[in-house]
Protein chains: 2
Amino acid sequence: MSQAQPSQTQQAELAQLVSQGLVTDPASPKGRLLAASAQLFKQKGFAGTTVRDIAAEVGILSGSIFHHFPNKESILKAVMAEAILTCLARMESAVAKLETTPARFRALVRCELEAIHGISGVGFTLLTSEWRCLSADSQAEILKLRQRYEGLHREVLADAKAQGWTQVEPFLLRHFMRGALAETSNWFHLNGDLSLEDLVDQICLAAGMRPS
Amino acid sequence: MSQAQPSQTQQAELAQLVSQGLVTDPASPKGRLLAASAQLFKQKGFAGTTVRDIAAEVGILSGSIFHHFPNKESILKAVMAEAILTCLARMESAVAKLETTPARFRALVRCELEAIHGISGVGFTLLTSEWRCLSADSQAEILKLRQRYEGLHREVLADAKAQGWTQVEPFLLRHFMRGALAETSNWFHLNGDLSLEDLVDQICLAAGMRPS
DNA sequence: ATCAATACCAAGCGCTTGCTTGGCAAGCAT
DNA sequence: ATGCTTGCCAAGCAAGCGCTTGGTATTGAT
């Protein structure tokens with residue numbers, strides 16, 4: 001189980017999110033609990049993971065978990081919220097820094113792939129795979145974050161269509177992209193033959209993201 | 001919860017699979033158990049579905065399930081095996097009927113989308129979403145079927161690359177396609193604004209499956 | 001020195017889980 | 001008529017589940 005090494009700038013971004021209170025300090029007991037939970041949820045699924053599993057992973061007893069969270073589901077909700085907020089922050093800063101649509105598209109693809117493959121936290125894929133394990137209320141809460149996230153994608157894809165980089169409708173293309181990117185978690189591995197950078201290139205190529 | 005109406009030719013294909021012993025007669029008690037299980041596994045996940053849920057769905061008591069299956073996991077395995085065998089049969093007959101590579105590609109996309117959206121049985125999406133719930137032995141067993149399935153796809157994509165219809169490596173393109181197609185289960189709905197036929201067209205377009 | 005907050009343990013409660021056992025009834029071939 | 005197979009019920013067991021309660025040790029602020 002290789003762990004991705006966060007870069008210095010990523011640590012700085014994380015520290016900022018922590019100081020804003022949007023993300024839990026990963027060194028704190030609660031933060032370690034969240035990280036262990038995300039790991040286990042990804043491995044065995046939310047329903048397949050017991051609170052005893054989580055507690056054992058961080059070296060406490062199962063009952064002690066409920067000093068930090070009111071119930072098991074709230075752990076999943078927190079993992080999801082922090083995963084998407086972390087990715088969103090990186091995406092927004094990347095888009096702000098870049099000018100052209102293809103560069104922005106590429107950056108978004110890169111950010112999403114980095115999130116999926118655990119560059120900072122392993123919880124991102126849970127947003128889709130364990131979505132149904134959230135209560136309706138929690139789903140609504142997380143959905144707001146997802147809409148900010150998807151909106152950013154759709155904006156860039158709309159620009160791409162307007163500028164003739166693709167012929168596919170933004171909402172359709174975004175669905176295709178989301179699926180293709182999410183699926184990489186099942187076959188692509190960092191430190192494998194194909195680099196993440198190459199993967200991004202191939203995805204842009206396959207998406208037909210080139211002038212018509 | 002709208003149910004797709006199987007066509008006459010699909011019913012004939014199904015009957016043949018049943019007579020070969022590859023698929024359980026859906027009218028039999030065991031077949032009804034499989035259909036109900038697939039439905040519930042899709043709704044609530046394998047770990048989130050209890051044997052009492054399944055039993056209630058077909059109107060029996062939970063213990064009676066184990067007259068038909070040795071354990072809960074074997075139900076999932078059977079659902080997966082029958083789903084992939086059904087789809088595989090349709091794919092092989094479609095490819096055999098068609099001559100050109102683009103036509104075959106389109107047919108495979110169509111078959112997979114039909115399987116995903118429950119044209120015959122709702123179990124197909126479980127192959128990915130509930131894969132980790134299978135024991136290692138069961139995974140190996142189902143993997144053989146999946147390899148036949150993926151092999152067929154990869155053959156057609158290899159032809160496509162050789163004939164200049166795409167620039168992306170077959171194994172990469174197949175991963176992208178699988179993800180994009182699987183994701184449709186989260187947003188596309190039969191009887192919606194977009195027809196399945198249109199969806200297939202848009203996917204072929206987005207895949208860049210056109211002469212270079 | 002005192003107080004309050006934080007992080008955890010020890011024990012266990014009430015419930016649900018997958019699964020077992022023994023038996024009953026209907027259908028069917030002999 | 002008999003015996004066998006199939007499909008199910010009734011009852012319940014052992015284990016595991018999420019979560020609660022009451023208490024303790026440590027820490028930093030007052």
Side-chain angles (χ1 to χ4, degrees), chain A residues 18-19 21 23-41 43-80 126 130 132-138, chain B residues 18-19 21 23-80 126 130 132-139:
Chain A
V18 170
S19 70
V23 162
T24 309
D25 178 5
S28 71
K30 189 168 179 173
R32 275 182 282 119
L33 216 40
L34 283 171
S37 300
Q39 188 86 244
L40 288 168
F41 292 161
Q43 265 177 45
K44 330 206 296 180
F46 176 75
T49 301
T50 73
V51 293
R52 285 168 177 83
D53 290 335
I54 299 171
E57 190 74 17
V58 298
I60 60 176
L61 293 187
S62 68
S64 305
I65 288 179
F66 300 95
H67 175 72
H68 301 280
F69 297 95
N71 50 53
K72 186 187 168 190
E73 190 219 331
S74 68
I75 306 177
L76 178 61
K77 187 172 70 173
V79 166
M80 287 182 173
L126 302 174
E130 307 301 316
R132 63 167 155 234
C133 296
L134 288 181
S135 68
D137 285 352
S138 299
Chain B
V18 170
S19 70
V23 162
T24 309
D25 179 6
S28 72
K30 189 169 179 172
R32 274 181 284 119
L33 217 39
L34 283 172
S37 300
Q39 189 84 245
L40 287 168
F41 292 162
K42 189 170 182 177
Q43 265 177 46
K44 328 205 300 177
F46 175 74
T49 302
T50 71
V51 293
R52 284 167 176 84
D53 290 337
I54 300 171
E57 189 74 17
V58 299
I60 61 177
L61 291 188
S62 67
S64 305
I65 287 179
F66 300 94
H67 176 72
H68 300 282
F69 297 95
N71 49 52
K72 185 187 167 190
E73 191 218 332
S74 68
I75 306 178
L76 179 61
K77 187 171 72 174
V79 166
M80 286 182 173
L126 302 175
E130 308 301 315
R132 64 169 154 230
C133 296
L134 288 181
S135 69
D137 286 352
S138 298
Q139 283 187 355

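This one's a predicted model, so the numbers in the text were calculated from it and none came from an experiment. Numbers restart at 1 for each chain; the letters A, B, ... are given by sequence-line order, proteins then strands.
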Handout entry: Set of salt bridge (Lys or Arg N to Asp or Glu O under 4.0 Å) partners for A/K77, sequence neighbours left out
Key =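 Result, salt bridge (Lys or Arg N to Asp or Glu O under 4.0 Å) vs A/K77: A/E141.
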Practice task
Assess whether side-chain contact (heavy atoms from CB on, under 4.5 Å) is satisfied between B/E130 and B/V79, documenting all intermediate values.
Solution key: CA-CA 11 Å; B/E130 308 301 315; B/V79 166; over 6 Å; no
Distances for protein N/O vs nucleotides 4-7 of chain C N/O pairs under 3.5 angstrom?
unit_1 : atom_1 : unit_2 : atom_2 : d
C/dA7  : N7     : A/H67  : NE2    : 3.4

For the pair made of [atom1] in [X] and [atom2] in [N], what is the distance, rounded to whole Å?
X	N	atom1	atom2	result
B/F69	D/dT6	CZ	C1'	15 Å
B/L61	C/dT20	CG	P	16 Å
B/E57	D/dC8	CD	P	15 Å
B/I65	C/dT21	CD1	P	17 Å

Could you go over nucleotides 16-22 of chain D and give all protein N or O partners under 3.5 Å, atom names and distances?
unit_1 : atom_1 : unit_2 : atom_2 : d
D/dG18 : OP1    : A/T49  : O      : 3.4
D/dG18 : OP1    : A/K72  : NZ     : 3.0
D/dG18 : OP2    : A/V51  : N      : 3.0
D/dG18 : N7     : A/R52  : NH1    : 3.1
D/dG18 : O6     : A/R52  : NH2    : 3.1
D/dC19 : OP2    : A/K72  : N      : 2.7
D/dC19 : N4     : A/S62  : OG     : 3.2

Exercise for the section: Check side-chain contact (heavy atoms from CB on, under 4.5 Å) between B/A78 and all other residues, then give those that pass, not counting sequence neighbours. Expected result: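 side-chain contact (heavy atoms from CB on, under 4.5 Å) list for B/A78, sorted by chain: B/L34, B/F69.
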Practice task
Sequence neighbours left out, what passes side-chain contact (heavy atoms from CB on, under 4.5 Å) with A/A47? Give chain and number order.
Solution key: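 Only B/A47 meet the side-chain contact (heavy atoms from CB on, under 4.5 Å) criterion with A/A47.
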Give me the distances for all protein-to-nucleotides 24-26 of chain C N/O pairs that come in under 3.5 Å?
none

Restricting to non-hydrogen atoms, name the atom on [X] and the atom on [Y] that form the minimum distance, rounded to 0.1 Å.
X	Y	result
B/Q43	A/R132	O-CD, 3.5 Å
B/L33	B/S37	O-OG, 2.7 Å
A/L40	A/T49	O-OG1, 3.3 Å

Practice task
Not counting sequence neighbours, which residues clear side chain to side chain donor-acceptor pair (under 3.5 Å) with A/E73? List them please.
Solution key: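 Partners of A/E73 under the side chain to side chain donor-acceptor pair (under 3.5 Å) test: A/S135, A/S138.
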Problem - All pairs passing ring pair (Phe, Tyr, Trp, His ring centres under 6.0 Å) where residues 43-62 of chain A contributes a residue, at least two apart - result: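 As it turns out, the ring pair (Phe, Tyr, Trp, His ring centres under 6.0 Å) pairs with a partner in residues 43-62 of chain A, which skip direct neighbours, are A/F41-A/F46.
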Practice task
Among residues two or more places apart or on two chains, list those pairs meeting salt bridge (Lys or Arg N to Asp or Glu O under 4.0 Å) that have a residue in residues 41-64 of chain B.
Solution key: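 Passing the test, one end in residues 41-64 of chain B: B/K44-B/D53.
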